[in-house]
Amino acid sequence: MLDIRAIRDNPTAVQQSLQARGGDHWLLVDQVLACDERRRLAETAKQDLQAARKRISKDIGRLKGQGQDTSAIETEVRALNEQITTLDAAADAAAAEQTTLLLNLPNLPHPACPLGSDEAANPVVREWGTKPDLAAPKDHVELALQHRLIHWDDGIRIAGSGFVVYRGQGARLERALINFLLDSQASNGYEEVNVPLLVKRECMEGTGQLPKFEDDMYGTDAGEEGVNHLFLAPTAEVPVTNLYRDTILSEPELPVRMVAYTPCFRREAGSAGRDNKGIIRMHQFDKVELVQIVHPDHGAEVLEQLTGHAESVLQRLGLHYRVIELCTGDIGFSSAKTYDIEVWAPGHGKYLEVSSCSWFSDYQARRMKLRFKDAEGNNRFPHTLNGSGTALPRLYVALLEQCQQADGSIRIPPALVPYFGADVISS
RNA sequence: GGAGGGGUGGUAGAGUGGUCGAUUGCGCCGGUCUUGAAAACCGGAGAGCCCGCAAGGGUUCCGUGGGUUCGAAUCCCACCCCCUCCGCCA
């Protein structure tokens, strides 16, 4: 959520910043300002009348105590009440409309964010390692079938397309990777947390998935909208960041650093037929996620640090990858600045996104009323960040494809051997 | 699922129609005292919004939402949540 005061103070700057994203979000700015104006006028008028009512009501109490007749001024208050009711309704309506508009406004891209309209404009920031020298690389589907690691037909039988079953060494490899990632990130200084996968609507609003992207989310339909309706978390970012929704941290509690493994659930509406080979785009997938809540002074540097943490696991596995920076037209709704980490998949001949590391400035904190009390005793909004550390399926793909050997076996990277219990997968 | 109890400020816990946004204990912050600390004493301290350059003023908030009333933490209704016991169950 953007700061309404900041919008009031410099609407042109806000509009220009939003225009860099492309689309027509910026047109909402004038509507928000109009709502804000109406709201404040109504609230001010209402509060003046409420002050009068309060004063008179106290008089009534006092006069009645003295046994005097108060019927005349009671009538006066009744008239005040009618006006208050009207103004209150007007203020509430304007406030509700303003909130809706603000919830639909994305974050402002950070000035350092490269300008561009789409992913073609995303600069490569750095590369690590080199592409393995493979004569005729197989893709992960072929390798997984060959070693009976992943069963697509089982997934379809149980849940339909977009779901797979890992079996035997395939399941063991998935579990080994999860444990490896959790241990690695915990040693990078993150507290491991294990959270519910079903979350309330307000959590989804807090991190910015709702109200804009409801079509992409799975939800339970038990109960009417609002009370028992829960959403399946599309990323651990939602339950983990919202652990601190509506709280006031003390400054020494910062930074908060958490890591969580969770399955993630996404409808992937509208992406049928896209990246649908193998396990690259799934309705359910595993992910290890990093979340940080930090002092606003440190947001920028922590984004670099957190991205480094995400990269560290790829380095430990010896997988070639590159880091790209998303341009203004490609960053996510809530993000101010984002790095994507793409790991090399030789069987596909392309890089796959395994991590997206974002700095949300105070956008999410505002939405979820997450604050901290600074040294002067003022309540302020901290910055939130998160990044995958990493997503499992594409890491799995990259591992199979980069570590395949001429005889078709899969070499297990040394760092993973203690988790997997063997140094090779061969049929 | 059944029965009962309860949701008040960081916390514990008062408050059953009118100077109550709220007594008090603990905890916290500042000060006095002390070589320092503790103790004791004094003082401070909730959140949001509105008006204001500011100083400051106003208003709302006692689980949530309605209602009664000139006036609601206090009365009425609905809902949510928590606790205890019973039942069921991984």
Side-chain angles (χ1 to χ4, degrees), chain A residues 1-10 32-103 194 196-206 220 222-231 239 242-254 256 263 362 365-382:
Chain A
M1 187 131 61
L2 300 181
D3 182 2
I4 184 61
R5 291 188 186 87
I7 298 176
R8 276 204 298 256
D9 290 348
N10 201 341
V32 170
L33 286 172
C35 264
D36 182 53
E37 180 81 26
R38 274 195 290 131
R39 186 190 108 250
R40 286 184 296 142
L41 282 173
E43 281 184 7
T44 304
K46 180 185 81 170
Q47 289 178 10
D48 286 346
L49 296 181
Q50 282 176 324
R53 177 177 70 184
K54 199 174 189 176
R55 205 172 52 240
I56 298 171
S57 290
K58 282 184 178 172
D59 287 345
I60 293 174
R62 190 166 39 77
L63 292 169
K64 280 196 167 175
Q66 298 168 1
Q68 299 191 29
D69 175 55
T70 57
S71 53
I73 48 179
E74 282 183 31
T75 308
E76 191 182 327
V77 176
R78 262 186 280 266
L80 275 181
N81 275 337
E82 282 185 33
Q83 298 179 59
I84 290 173
T85 302
T86 305
L87 287 166
D88 189 47
D92 278 357
E97 193 179 334
Q98 180 179 326
T99 300
T100 301
L101 288 166
L102 284 174
L103 285 176
N194 189 309
L197 307 178
L198 294 170
V199 298
K200 298 176 184 176
R201 169 173 287 273
E202 52 217 275
C203 293
M204 297 284 273
E205 287 178 348
T220 63
E224 290 302 307
E225 178 60 44
V227 181
N228 294 315
H229 190 85
L230 294 170
F231 293 87
N242 276 284
L243 286 172
Y244 292 91
R245 179 166 53 85
D246 202 14
T247 60
I248 302 177
L249 294 163
S250 64
E251 188 163 335
E253 289 178 274
L254 301 177
V256 174
D362 62 2
R366 251 175 227 291
R367 288 173 81 106
M368 66 176 75
K369 298 184 176 65
L370 159 57
R371 289 152 294 174
F372 75 99
K373 199 172 282 291
D374 70 12
E376 286 75 48
N378 301 310
N379 292 330
R380 299 172 60 189
F381 292 105

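Lettering of chains follows the sequences in order, A, B, ..., and the numbering in each one begins at 1. Because only heavy atoms are used, hydrogens play no part in the values below, and waters and symmetry mates are left out as well, while side chains stay in.
Counting heavy atoms from C-beta on, the side chains of A/Asp246 and A/Leu370 never come closer than 4.5 Å. When side chains are defined from C-beta on, A/Asp59 counts as touching A/Arg62, because their heavy atoms get closer than 4.5 Å. Between A/Glu97 and A/Val32, every side-chain heavy-atom pair lies at or beyond the 4.5 Å cut-off. The side-chain heavy atoms of A/Asn242 and A/Val199, taken from C-beta on, include no pair separated by under 4.5 Å. When side chains are defined from C-beta on, A/Leu230 counts as touching A/Lys200, because their heavy atoms get closer than 4.5 Å. Put simply, the side chain of A/Leu103 does not reach to within 4.5 Å of the side chain of A/Thr100, judged on heavy atoms. Looking at A/Leu243 and A/Val256, their side chains never come closer than 4.5 Å, going by heavy atoms from C-beta outward. Residues A/Ile7 and A/Leu102 form a side-chain contact, since some pair of their non-hydrogen atoms from C-beta on lies under 4.5 Å apart.
Taken together, the paired segments of RNA chain B that extend over three or more consecutive Watson-Crick or G-U pairs, each closer than 3.5 Å at both contacts, are B:1-7 with B:80-86, B:10-12 with B:24-26, B:28-32 with B:40-44, B:46-51 with B:56-61, B:63-67 with B:75-79.
One can place CD of A/Glu74 at 18 Å from P of B/G17, the figure rounded to the nearest angstrom. Taking atom CG of residue A/Leu249 and atom P of nucleotide B/G10, one finds them 13 Å apart after rounding to whole Å. In this structure, the CG atom of A/Asp246 is 12 Å from the C1' atom of B/G63, given to the nearest Å. Atom CD1 of A/Ile84 and atom P of B/G58 are 16 Å apart (whole Å). With rounding to whole Å, A/Arg8 atom CZ is found 10 Å from B/C49 atom C1'. We find that CZ of A/Arg53 is positioned 17 Å from P of B/G18, with the value rounded to whole Å. When rounded to the nearest whole Å, the span between CG of A/Asp92 and C1' of B/U59 equals 14 Å. Put simply, CG on A/Asp88 is 15 Å from P on B/C50, counting in whole angstrom units.
Residue A/Arg62 has no polar side-chain atom (N or O) positioned under 4.0 Å from OP1 or OP2 of B/C70. One finds a side-chain N or O of A/Asn81 lying less than 4.0 angstrom from the OP1 or OP2 phosphate oxygen of B/G71. Between A/Arg371 and B/A47 there is no side-chain N or O to OP1 or OP2 distance below 4.0 Å. Checking the phosphate oxygens (OP1, OP2) of B/U60, no side-chain nitrogen or oxygen of A/Lys46 falls inside 4.0 Å. Distances shorter than 4.0 Å separate some side-chain N or O of A/Arg39 from OP1 or OP2 on B/C50. One finds a side-chain N or O of A/Lys54 lying less than 4.0 angstrom from the OP1 or OP2 phosphate oxygen of B/U60.
Across B/C41 and B/U19, the matching C1' atoms stand 30 Å from one another, rounded to whole Å. The same atom, C1', is picked in B/G30 and in B/G21; the two are 24 Å apart, to the nearest Å. Rounded to whole Å, the separation between the P atoms of B/A54 and B/C49 comes to 15 Å. Rounded to whole Å, the P atom of B/A45 lies 16 Å from the corresponding atom of B/A55. Taking atom C1' in both B/A22 and B/G67, one finds a spacing of 24 Å when rounded to whole Å. Taking atom P in both B/C88 and B/G7, one finds a spacing of 31 Å when rounded to whole Å. Atom name P, nucleotides B/U68 and B/G27: the rounded distance is 46 Å, in whole Å. For the P atoms, the distance linking B/C51 with B/G2 amounts to 50 Å, nearest Å.
With B/A47, B/C70, B/C49 as the choices, the nucleotide that has an atom nearest any side-chain atom of A/Glu43 turns out to be B/C49. In this structure, the nucleotide among B/G18, B/C51, B/U59 sitting nearest to the side chain of A/Gln47 is B/U59. Listed nucleotides: B/C50, B/A47, B/C70. Nearest to the side chain of A/Arg78: B/C70. Listed nucleotides: B/C51, B/G71, B/G58. Nearest to the side chain of A/Arg40: B/C51.
Legend: residues meeting side chain to side chain donor-acceptor pair (under 3.5 Å) with A/Arg367, ordered by chain and number and at least two apart, are A/Tyr363.
When each of A/Thr75 and A/Gly61 is assigned the nucleotide of RNA chain B with its nearest heavy atom, A/Gly61 is the one assigned upstream, toward the 5' end. Map A/Asn379 and A/Arg55 each onto its nearest nucleotide of RNA chain B; the residue landing nearer the 5' end is A/Asn379.
When heavy atoms are screened at a 4.0 angstrom cut-off, A/Lys373 is found touching the sugar-phosphate backbone but no base atom. Within the nucleic acid shown, A/Asp48 has no heavy atom closer than 4.0 Å to any nucleic acid atom.
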